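Encoded as structure tokens, the structure appears first; notes follow it.
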Amino acid sequence: MGTRGVRADREPAERLPIARVCVDMPLAHLDRPFDYLIAAADDEAAQPGVRVKVRFAGQLVSGFLLGRAESSDHDGKLAYLEKVVSPERVLDPEIARLARAVADRYAGNLADVLRLAVPPRHARVESQAAPSRTPATPSAPAATAAPASSPSAPPSPASPASPVPVPGSSAEAGGVAGSTAAAEAEAGGVAGRPAAAEARGVAGSTAAAEAEAGGDAPSGRGPAAAGSAPDQAAEIPARGWAGIREPVAGGWDAYPAGPAYLRALTDRRPARAVWSALPGEDWAQRIAEAAAATVRGGRGVVIVVADARDLERTDRALLAVLGEGRHVALNAALGPAERYRRFLAAGRHQVPVVVGTRAAMWAPVPDLGLVVIWDDGDDLHAEPRAPYPHARDVLLTRARLADCAALVAGFARTGEGQLLLETGWAREIAAERMTLRRRSPIISPTGDDPQLARDPGAVTARLPSLAWQAARQALQAGAPVLVQVPRRGYLPSVACAECRTPARCPKCSGPLGLQGARDVPVCHWCARAAAAFRCPACGEQRLRASVIGARRTAEELGRAFAGVPVRTSGRDEVLDTVPAAPALVVATPGAEPVAEGGFGAVLLLDTWALLSRADLRAAEETMRRWLNAAALARSAPDGGRVVVVADGALAPVQALLRWDPGWFAARELAERRDLGFPPAARMASVTGQAAAVSELLSLARLPEETEILGPVPAPEEQERMLLRVSRSRAADLAHALHEAAGVRSARKAALPVRIQVDPADLF
């Protein structure tokens with residue numbers, strides 16, 4: 001009873017008493033900020049970006065305080081914030097604006113995006129060090145914001161809502177992340193009423209006139225980057241340049257545009273580039289030097305890499321170039337406490353550089369000046385949780401909103417990277433042909449006419465004589481040899497030895513495989529052993545290999561090169577480095593280790609397994625995996641060889657022979673433009689039960705030019721529909737799908753539907 005009395009006696013704060021809250025509710029029709037009152041006792045702690053607890057539909061739920069305002073559009077009684085969980089402002093205004101833009105881009109909810117952007121709270125870590133930012137004061141609003149809802153007292157027309165700015169940003173905290181949904185609010189039992197403004201806020205204005213992430217060139221550079229207030233912009237240079245190393249010779253100066261790009265970063269200019277790295281390039285060192293140039297200009301850097309091995313390599317390079325205390329590395333393997341500690345170091349603007357895997361794309365840094373993504377074609381950059389954003393698109397959206405520099409880098413080039421160049425949004429950083437020839441290994445195919453004349457069996461041989469000779473010569477020279485095999489395991493697929501019929505499980509009809517030379521066939525679906533397998537077509541019991549895995553390859557090479565150590569690198573054990581000694585290293589794509597001094601030879605086997613995949617990006621992915629492996633070889637003057645077991649007339653093989661990822665990416669983009677596939681067009685997939693998909697499409701007010709493809713079968717007895725529009729109508733398509741999802745959630749539809757914009761796998 002006493003507690004109720006205290007709550008009943010609460011008085012609103014004197015200045016800016018209205019809190020705009022993003023409630024953690026994953027329902028599309030509730031994707032908008034809600035207004036609550038701030039008690040006078042919470043006035044100091046309730047600042048934009050803090051975590052709060054509110055009453056919503058009778059339940060106590062979490063949320064983020066997006067901004068504060070003087071008035072509300074809601075005519076009825078507003079509920080108070082139940083609790084300010086912590087005074088730590090974990091949601092940076094720049095990240096709030098980015099989250100709203102990403103939610104709009106991917107037809108998702110702001111709450112889902114914020115769940116990805118801000119890690120779970122760790123109270124003990126928060127209490128170990130006090131926040132370093134200067135607290136925001138309600139007496140200094142930056143600008144007016146769109147009204148959210150009416151207060152219980154009539155608002156004054158001369159007093160527009162004024163959210164409190166967070167230091168280091170000139171954007172309004174309320175308008176930054178606030179948006180309105182098209183559907184009306186669900187009124188029953190909700191204490192806080194939704195915002196009613198029609199404007200979608202600063203981040204929500206993803207109009208067709210401006211390019212989306214990875215899309216068409218924007219109409220202009222835009223205003224100065226948000227988050228560049230003098231007090232925080234001076235934080236980085238104030239620490240001095242001591243310990244920051246200069247770029248080494250033979251690094252960025254090996255590229256004609258490289259030194260100019262570093263100067264632009266130091267001069268705080270929004271230079272945007274697509275970098276094609278040279279074979280054998282120490283790419284982590286180059287990225288660290290670009291980060292150092294940005295730090296010298298007094299701005300922050302966010303770097304995203306694909307996996308933990310790349311992160312460790314980049315972490316070491318940043319430590320060597322920047323020195324101690326200027327960067328943090330974010331990795332999920334750190335554990336919740338350490339990861340949150342490093343997130344707070346970035347959020348409190350204690351370090352100017354953040355590097356990490358996919359989740360680091362949301363890292364808050366002071367006065368963002370550069371975003372970097374390495375190997376943007378890697379599927380690890382695609383977020384598997386709703387609304388399924390891609391790290392490349394998030395970083396490019398961030399670069400556009402903050403008007404900062406961007407670097408899309410890799411040995412290979414994606415169609416999205418090529419589109420950035422063709423639209424003029426970015427410029428190319430590539431080496432001249434003379435430099436490329438000097439740094440590249442000798443690359444040879446096994447299926448061209450001269451080779452077939454010398455070795456007629458090269459057409460069917462898994463290890464043709466050319467590959468065998470290259471491996472032997474490298475081993476004799478004392479260098480390790482890398483063998484890339486697309487499939488892991490021993491014999492992932494087997495067939496009848498007599499009639500070649502694929503072996504299937506007699507129980508569930510799943511594919512059978514062998515895990516070892518003396519093992520019995522095991523089903524990949526139900527894991528049942530099929531020791532008494534008999535071919536249903538001919539009755540034969542003997543089996544043959546259809547697909548050979550990495551472990552069987554290592555076994556065969558061990559017999560072919562007696563006395564040479566054979567090591568494997570794959571899912572069970574991934575090698576980071578190998579010494580510069582004779583050895584055979586069999587690796588699956590993405591698990592190739594780095595050899596000291598480079599590999600003497602790189603053999604690319606079973607190329608048909610990559611090229612024949614039924615996927616829109618099969619050729620692009622094959623090119624990426626080949627170039628990443630070939631880049632680990634020594635240069636031609638040092639005796640490096642790459643042998644690709646494929647026909648030399650194939651386009652990916654031609655691009656590999658010339659080491660010309662730009663030509664191949666332009667060719668791929670031209671083909672997709674002719675066929676109307678991403679990134680030349682925008683596509684969205686709608687997956688679910690047939691009735692649910694049909695209901696959503698009937699509710700969606702799709703753009704007139706929308707082309708509907710399907711339905712096609714999907715896993716778990718579902719179906720999938722594909723929607724295609726031009727790039728200029730992408731925002732309209734995403735809004736229509738989100739609006740339809742909101743109507744379904746308001747109706748409490750029982751069957752879920754998954755919406756993905758530009759999914760990685762279309763078929």
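Residue numbers count from 1 along this sequence. Source: prediction; values computed, not measured.
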Check: Pro679 main-chain N/O paired with Arg727 side-chain donor or acceptor under 3.5 Å: yes
Stepwise side-chain contact (heavy atoms from CB on, under 4.5 Å) check, Tyr106 with Val113: CA-CA 10 Å; Tyr106 285 94; Val113 178; over 6 Å; no
Non-hydrogen atoms of Val50 and Ser86 that approach each other most closely: CB-O, 3.4 Å
Backbone of Arg55 reached by a side-chain donor or acceptor of Tyr36 within 3.5 Å: yes
Nearest-0.5 Å distance that lies between atom CG in Leu27 and atom CG in Asn109: 8.0 Å
Closest approach of Glu621 to Gly377 (non-hydrogen atoms, all atoms of both residues): OE1-O, 3.8 Å
Pro387 and Ile755, any side-chain heavy atoms less than 4.5 Å apart: no
Donor-acceptor pair, side chain of Arg744 and main chain of Leu751, under 3.5 angstrom: yes
Worked verdict on Leu91 versus Leu66 for side-chain contact (heavy atoms from CB on, under 4.5 Å): CA-CA 8 Å; Leu91 180 58; Leu66 301 177; 3.9 Å; yes
Backbone N/O of Leu380 and side chain of Arg358: donor-acceptor pair under 3.5 Å: yes
Separation of Leu702 CG from Leu697 CG (nearest 0.5 Å): 6.5 Å
Electrostatic pair Asp378:Arg392 at N-O distance under 4.0 angstrom: no
Lys/Arg-Asp/Glu bridge criterion (N-O < 4.0 Å) met for Asp758, Arg105: yes
Least distance between heavy atoms, Arg339 atom then Ala359 atom: NH2-CB, 3.1 Å
Flag, side chain of Ser694 to backbone of Ala690, donor-acceptor distance under 3.5 Å: no
Flag, side chain of Arg68 to backbone of Ala46, donor-acceptor distance under 3.5 Å: yes
Value rounded to 0.5 Å, distance of CD in Gln718 from CZ in Arg754: 7.5 Å
Atom of Ala749, atom of Glu695 and distance for their closest heavy-atom approach: CB-OE1, 4.4 Å
Salt-bridge contact Arg617-Glu416 (side-chain N to carboxylate O under 4.0 Å): yes
Minimum-distance pair of heavy atoms, taken over all atoms of Ala741 and Ala28: C-CB, 3.7 Å
Ring geometry between His390 and His381 (parallel below 30°, tilted from 30 to 60°, perpendicular above 60°): tilted
Short side-chain to backbone donor-acceptor contact, Arg398 and Leu98, under 3.5 Å: no
Contact check, side chains of Leu616 and Leu675, non-hydrogen atoms, under 4.5 Å: no
Check: Ala337 main-chain N/O paired with Arg124 side-chain donor or acceptor under 3.5 Å: no
Sole candidate of Arg121, Arg348, Arg89 that passes salt bridge (Lys or Arg N to Asp or Glu O under 4.0 Å) when paired with Glu126: Arg121
Beyond-backbone contact of Phe56 with Leu30, side-chain heavy atoms, under 4.5 angstrom: yes
Close side-chain approach of Val84 and Glu44, heavy atoms under 4.5 Å: no
Basic-acidic side-chain contact under 4.0 Å: Arg51, Asp24: no
Heavy-atom check, side chain of Ser62 versus side chain of Val85, under 4.5 Å: no
Beyond-backbone contact of Leu396 with Val408, side-chain heavy atoms, under 4.5 angstrom: yes
Intermediate values then yes/no, side-chain contact (heavy atoms from CB on, under 4.5 Å), Leu78 and Ile18: CA-CA 9 Å; Leu78 294 178; Ile18 306 301; 3.8 Å; yes
Closest contact, heavy atoms only, Phe64 versus Gly49: CD2-O, 4.3 Å
Residue pair Val304, Leu395: steps toward the side-chain contact (heavy atoms from CB on, under 4.5 Å) verdict: CA-CA 9 Å; Val304 175; Leu395 291 177; 3.7 Å; yes
Approximate separation, where rounding is to 0.5 Å, of His29 NE2 and His738 NE2: 11.0 Å
Sole candidate of Thr687, Val693, Leu709 that passes side chain to side chain contact (heavy atoms under 4.5 Å, CB included) when paired with Arg720: Thr687
Any side-chain heavy-atom pair of Leu737 and Leu723 under 4.5 Å: yes
Straight-line distance of Leu669 CG to Glu620 CD, nearest 0.5 Å: 9.5 Å
Any donor-acceptor N/O pair, Arg672 side chain to Gly415 backbone, under 3.5 Å: no
Min side-chain heavy-atom separation Val90-Tyr340 under 4.5 Å: yes
Check: Tyr80 side chain, Arg10 main-chain N or O, donor-acceptor pair, under 3.5 Å: yes
Interatomic distance, Leu60 atom CG to Lys53 atom NZ [nearest 0.5 angstrom]: 5.5 Å
